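Just so it is clear, the structure is predicted and the values come from calculations on it, not from any experiment.
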Amino acid sequence: MGKIGLYGGSFNPPHLGHGLAVQEMRRQLGLDRVILIPAATPPHKPLADGSPDARTRLELLRLMFQDVDGVEVDDLELQRQGPSYTVDTVREMRRRFPNDELYLLMGTDMFLAFDQWYAPDEICRRVSLVTVHRSEDSAAVCRQLAEQAERLRRDYGASVTILDNRFLATSSTEARRMLRFRCAETYLAPQVLAYIEAHHLYGVGEDWKNLPFAQLRKASLSLHDPKRVPHVIGCCETAARLARRWGADEALAARAGILHDVTKALSKSAQLLLCEKYGIMTTTFERENYKLLHARTGAAVARDIFGESEPVYQAIYWHTTGRADMGLLEKLLYLADYMEPHRAFDGVETLRNLAETDLDGALLCGFQMSIDLLESEGKALDRYTVEARDYLLHERNKA
Ligand code: FE
Ligand code: FE
């Protein structure tokens, strides 16, 4: 009797995190082999726009694991018509391996939604369930996982194992973003990357420079976390409106607005890779608060990948901190980001009113609010914001 792991997923694309996950699960569970089963049409989550078809994802997976002993890739879900139901796969595997122990491996999202799957009771009768919790998961997520495991044991008599994830935290979504930023070497096996490049998958090789606005908007929004999209659109529209009000270039303001947070969804390791690629020096403080880096990596991507002009680059570069003696577009983007319609905090209405009548007054108010907030939270002040405020105060006194 052997132990076999069944690992399904969209593998869109398969990345090194999958490779490490497979090795680690084999080790922790003592599996003799792992069968990878790419899903044709995942029923739980539609694939991202522009994803390659199932046959291509299968080919990538085969390339990735071609030399790894004890790992096979199976196309059984691709041979079925319609959506892939796990219960059908589990039935087939049970038929093929009647005397082996079967373990169904899945991510935490899938595990937490397990009750909504088709025929969960039958799946639990036929296989053991395994999920992983990532080291960065919060205590709340760990508790949710433990509660779900308890419920599945009670309701379906399930056998459940929760593994510690000591493997690389990465995701296919991030690998796709980094492919777009031409910086995916550390995410993918070399033969997988070579295939993606040769076949122009995931938009690799497409020229994104100087796109007309509608295409730029679509490309940019595809790189964001969906939760952030309303903010980005709000910021873009506000920047364009302020440009009209203050006589700046409306088209440039809209382009800066739609791109300003284009790298915000990236993890710390991805931010640092982009910093390395673009020669952006970072301080210890910035590495600890890596979200701050998105202004600089976003500016670099806007220039390098999207071919944007110097004013757009500068506006994005300074959009979170401001600086002394800002250009008009920089000022407008800073304010648009601060006061777009989805922002709700004490003082935002003051900011919105000032932005219509007294641009520098609005900026001064924004800088001061940022400084006050950091001070009240006991955090280090950003030196550029302090300089920006002091510069405007000095200018006002002179006048
Ligand atoms: Fe931002
Ligand atoms: Fe923003």
Under 4.0 Å between a side-chain nitrogen and a carboxylate oxygen: does that hold for [X] and [Y]?
X    : Y    : answer
E147 : R151 : no
E356 : R241 : yes
R95  : E92  : yes
D88  : R91  : yes
D207 : K209 : no

I'd like to know if the side chain of [X] and the backbone of [Y] have a donor-acceptor N/O pair within less than 3.5 Å.
X    : Y    : answer
R80  : A40  : no
R352 : E340 : yes
S220 : I258 : yes
R176 : L223 : no
T263 : H294 : yes
T321 : Y384 : no
K268 : R287 : yes
D32  : K3   : yes
R153 : S159 : no
D358 : L354 : no

List the steps, then state whether side-chain contact (heavy atoms from CB on, under 4.5 Å) holds for L381 with T385. CA-CA 8 Å; L381 297 186; T385 310; over 6 Å; no

For residues [X] and [Y], determine if any side-chain heavy atom of one lies less than 4.5 Å from a side-chain heavy atom of the other.
X    : Y    : result
F11  : S172 : no
R343 : L351 : no
F65  : V22  : yes
L58  : L61  : no
R126 : L104 : no
D390 : H394 : no
T89  : E77  : yes
V132 : D164 : no

Side-chain donor-acceptor contact under 3.5 Å, [X] with [Y]:
X    : Y    : result
Y187 : E174 : yes
S128 : E101 : no
N12  : Y202 : yes
N353 : E349 : no
Q148 : Q144 : no
R177 : S222 : no
H224 : D261 : no
D325 : Y391 : yes

Whether [X] and [Y] hold their rings parallel, tilted or perpendicular, with breakpoints at 30° and 60°:
X    : Y    : value
Y338 : Y334 : perpendicular
F114 : W117 : tilted
Y7   : H18  : perpendicular

Could you walk me through whether R389 and D382 satisfy the salt bridge (charged side-chain N to carboxylate O under 4.0 Å, His left out) test, starting with their C-alpha distance in whole Å, then the side-chain angles of each, then the deciding distance to 0.1 Å, before giving a yes or no? CA-CA 11 Å; R389 178 200 59 186; D382 187 279; over 6 Å; no

Kindly check if the number of other-residue, nucleotide or ligand heavy atoms within 6.0 Å of [atom1] ([X]) is above 12?
X    : atom1 : result
E276 : CD    : no
K218 : NZ    : no
R217 : CZ    : no

Should the pair R303 and Y313 be classed as cation-pi, given the thresholds of under 6.0 Å to the six-membered ring centre and 45° from the axis?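 Geometry flag: set, cation within 6.0 Å and 45°.
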
Nearest 0.5 Å, what's the CD1-OG1 distance between I123 and T86?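 Separation between the atoms: 5.0 Å.
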
CE-CG distance between M326 and L359, expressed to the nearest 0.5 angstrom: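 One gets 9.5 Å once the value is rounded to the nearest 0.5 Å.
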
Are [X] and [Y] joined in one hydrophobic group, where the rule is that I, L, V, M, F, W and Y side chains link up if heavy atoms are under 4.5 Å apart?
X    : Y    : value
V348 : V232 : no
L329 : V262 : yes
Y278 : L272 : no
M110 : V141 : yes
Y290 : M178 : no

Between E387 and R323, is a salt bridge (charged side-chain N to carboxylate O under 4.0 Å, His left out) present by the stated rule, with each step listed? CA-CA 6 Å; E387 283 174 15; R323 62 162 164 173; over 6 Å; no

Write down the atom of [X], the atom of [Y], and the distance for their closest heavy-atom approach.
X    : Y    : value
A355 : L242 : O-CD2, 4.0 Å
P14  : L188 : O-CD2, 3.4 Å
L179 : P13  : CD1-CG, 4.5 Å

Given the rule in the salt bridge (charged side-chain N to carboxylate O under 4.0 Å, His left out) test, do R33 and D69 qualify, once you have shown the distances and angles that lead to the verdict? CA-CA 8 Å; R33 55 206 272 216; D69 281 340; over 6 Å; no

Between H260 and H319, is the ring centroid distance below 6.0 Å?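 For H260 and H319, the ring centres are under 6.0 Å apart.
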
Go through the steps to decide whether L105 and L6 satisfy the test side-chain contact (heavy atoms from CB on, under 4.5 Å), and finish with yes or no. CA-CA 6 Å; L105 315 171; L6 309 174; 6.0 Å; no

Show the numbers, then the answer: is there a side-chain contact (heavy atoms from CB on, under 4.5 Å) between T161 and L29? CA-CA 9 Å; T161 310; L29 295 166; 4.2 Å; yes

Is there a side-chain contact (heavy atoms from CB on, under 4.5 Å) between C275 and R296? Walk through the geometry before answering. CA-CA 8 Å; C275 286; R296 280 188 270 161; over 6 Å; no

